[in-house]
Amino acid sequence: MPTADLDSLLAAIVPVPGLHAVSGGLQMAFDGNAYTYYSDEFVLRMDFGPGQYMEATSSFRNTGTYTANDEIIQFDSASVKSGVSEWTAYKDGAMVSAPGAGP
């Protein structure tokens, strides 16, 4: 899923004004009855007004098994790992960065 579609998905599931994806994408891979849903790096941005915003660089990996029958796919999550690697805040041309925290 490219960034533009990720931004639309984000707006639909997290209806927070000013929140959008500025880079990255989502991927899903299937191997037998196992799946991996992940993003190795994406950047979310929250706008606070003219010249003020914050960005978070993050990643996640969700793995598990799935079953499919008729027109239904059921995902069973076995493991979720996520985290933010960096926070960056911008205000009137000044920038401050800090390392991210765990999930």
[X] and [Y]: same hydrophobic cluster, using ILVMFWY side-chain contacts below 4.5 Å?
X     : Y     : value
Phe42 : Val22 : no
Met54 : Val43 : no
Leu9  : Val80 : no

Output all residues satisfying salt bridge (charged side-chain N to carboxylate O under 4.0 Å, His left out) with Asp47, sequence neighbours left out; order by chain, then residue number.
Arg45

Taking all non-hydrogen atoms of both residues, which atom of Ile73 and which atom of Ala68 are closest, and how far apart?
CG1-CB, 4.2 Å

Search all heavy atoms of His20 against all heavy atoms of Gly18 and return the closest pair with its distance.
CD2-O, 3.5 Å

Please test Glu55 against Leu44 for side chain to side chain contact (heavy atoms under 4.5 Å, CB included), starting from the C-alpha separation and ending with a verdict.
CA-CA 6 Å; Glu55 292 182 344; Leu44 297 177; over 6 Å; no

Could you tell me the separation between the CE atom of Met46 and the CG atom of Leu19, rounded to the nearest 0.5 Å?
5.0 Å

Among all residues two or more places apart in sequence or in another chain, which pass the side chain to side chain contact (heavy atoms under 4.5 Å, CB included) test with Asp76?
Thr65, Gln74

Only counting residues at least two apart or in another chain, list the ones meeting side chain to side chain contact (heavy atoms under 4.5 Å, CB included) with Gln27.
Tyr38

Which other residues belong to the hydrophobic cluster containing Tyr53, where Ile, Leu, Val, Met, Phe, Trp and Tyr are joined when side-chain heavy atoms lie under 4.5 Å apart, directly or via other members?
Tyr90, Met95

Phe30-Tyr66 aromatic ring centre distance below 6.0 Å:
yes

Distance-only side-chain donor-acceptor flag, Ser97 / Thr88, under 3.5 Å
yes

For residues 23-43, which residue pairs qualify under salt bridge (charged side-chain N to carboxylate O under 4.0 Å, His left out), counting only residues two or more places apart or in two chains?
Asp40-Arg61

Salt bridge (charged side-chain N to carboxylate O under 4.0 Å, His left out) contacts touching residues 10-23 (sequence neighbours left out):
none

For the side chain of Ser39 and the backbone of Phe60, is there at least one donor-acceptor N/O pair under 3.5 Å apart?
no

